[in-house]
Amino acid sequence: MNTATAGKVELRIPARAEFLSVARLAVAAIASRMDFDLDAIEDIKTGVGEACTNVIQHAGTTETDREIHVVCSLEGAQLVVEVRDAGPGFEPEQCRELVDLDQLPPESLPDSGYGLLLIAALMDDFQCLSQPGVGTLVRMVKRCTRAA
Amino acid sequence: MDFDVKSRTVDAQTAILAPVGEVDLLTAPRVKERIAQLTEEGINQIIVDCSRIEYLDSTGLGVLVGALKRLREQEGDLRLVNPGDRLMRVLEITRLVNVFPIHATEDEALSSLAAGGASPQ
């Protein structure tokens, strides 16, 4: 593995909308140190933004001290990003249901629920593990097609 | 980091809305609020100028979808103008590209609305 693109960066941000851009910018900066092209960097930004948004939307409004933990693992030709929180979580079926939105006729699409669909489409690998009362982990992988 | 939502009315029914910056969970409510203000003023046709949207996430999409539905209930419509490549990609992934009428220019959108026309697609 190229040591220039190996390592781990961890970021903890308050689970509040004001900090979403911080997470997006930080991960984009990390991705830009690798050999991702601009489109791929935008994909990663969107994936991380949506994962963090998901955490905030599922956080209770009274729990203002909640944090989002973003871990970026630079693994040579791929970037693995894990977004986790210790929030209320949600039923795992919700992930499958959201991804299945792609099967709906356009006029039946709802006002919300596009975040996980975007992550699944923009990242090369995506897992959403959530358990009510325990928290949520979104794990995303983006592979760098330009890397040797 | 400054975000703004510019708007101007074209006629009693039609307005142009131009979000400037990143539309996400923090800023999407401001877009929603401005659309609500316009509809309260009797506007039922909104053209969203996307040319200065730097980033639009799922909450921004939700606001646009919600507005489209409400405006169509009022026999109006919502049109997108000049979405960049990035926004087009998001619209294609979510299949919302099939839902929103999309135009290259404001003039094209206005002409289409005036003619009672459908999407150019």
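The chains referred to below are lettered A, B, ... by the order of the sequence lines, with proteins before strands, and numbering in each begins at 1.
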Study note, to complete from the structure: Between B:Thr94 and A:Leu117, the two heavy atoms sitting closest are CA-CD2, 4.0 Å

Review point. Does the B:Glu22 side chain pair with the main chain of A:Ser21, one donor and one acceptor, at a distance under 3.5 Å?
Key: no

Point to revise | A:Asp43/B:Arg89 salt bridge by N-O under 4.0 Å criterion | key: yes

Could you measure the distance from the [atom1] atom of [X] to the [atom2] atom of [Y]? Nearest 0.5 Å is fine.
{"X": "A:Leu118", "Y": "B:Leu56", "atom1": "CG", "atom2": "CG", "value": "9.5 Å"}
{"X": "B:Ser58", "Y": "A:Leu116", "atom1": "OG", "atom2": "CG", "value": "8.5 Å"}
{"X": "B:Leu25", "Y": "A:Gln57", "atom1": "CG", "atom2": "CD", "value": "5.5 Å"}
{"X": "A:Arg24", "Y": "B:Tyr55", "atom1": "CZ", "atom2": "OH", "value": "4.5 Å"}

Point to revise | 4.5 Å side-chain heavy-atom contact, A:Tyr114 and B:Val90 | key: no

Review point. Is any side-chain heavy atom of A:Thr53 less than 4.5 Å from a side-chain heavy atom of B:Asp24?
Key: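 Heavy-atom side-chain distance check fails, nothing below 4.5 Å.
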
Common cluster, [X]/[Y], ILVMFWY with side-chain heavy-atom separation under 4.5 Å:
{"X": "A:Val83", "Y": "A:Phe19", "value": "yes"}
{"X": "A:Val81", "Y": "A:Val71", "value": "no"}
{"X": "A:Ile119", "Y": "A:Ile13", "value": "yes"}
{"X": "A:Val9", "Y": "A:Met123", "value": "yes"}
{"X": "B:Val5", "Y": "B:Phe100", "value": "yes"}

Check your understanding: Who wins among A:Thr46, A:Asp39, A:Leu20 for the most heavy-atom pairs under 4.5 Å with chain B?
Key -> A:Thr46

**Study point:** Between A:Glu50, A:Lys45, A:Glu18, the one whose heavy-atom pairs under 4.5 Å with chain B are most numerous
**Key:**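 Counting heavy-atom pairs under 4.5 Å, the top option is A:Glu50.
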
Practice item. Counting only heavy atoms closer than 4.5 Å, note whether B:Thr59 contacts chain A via side chain, backbone, both or neither. Key: side chain

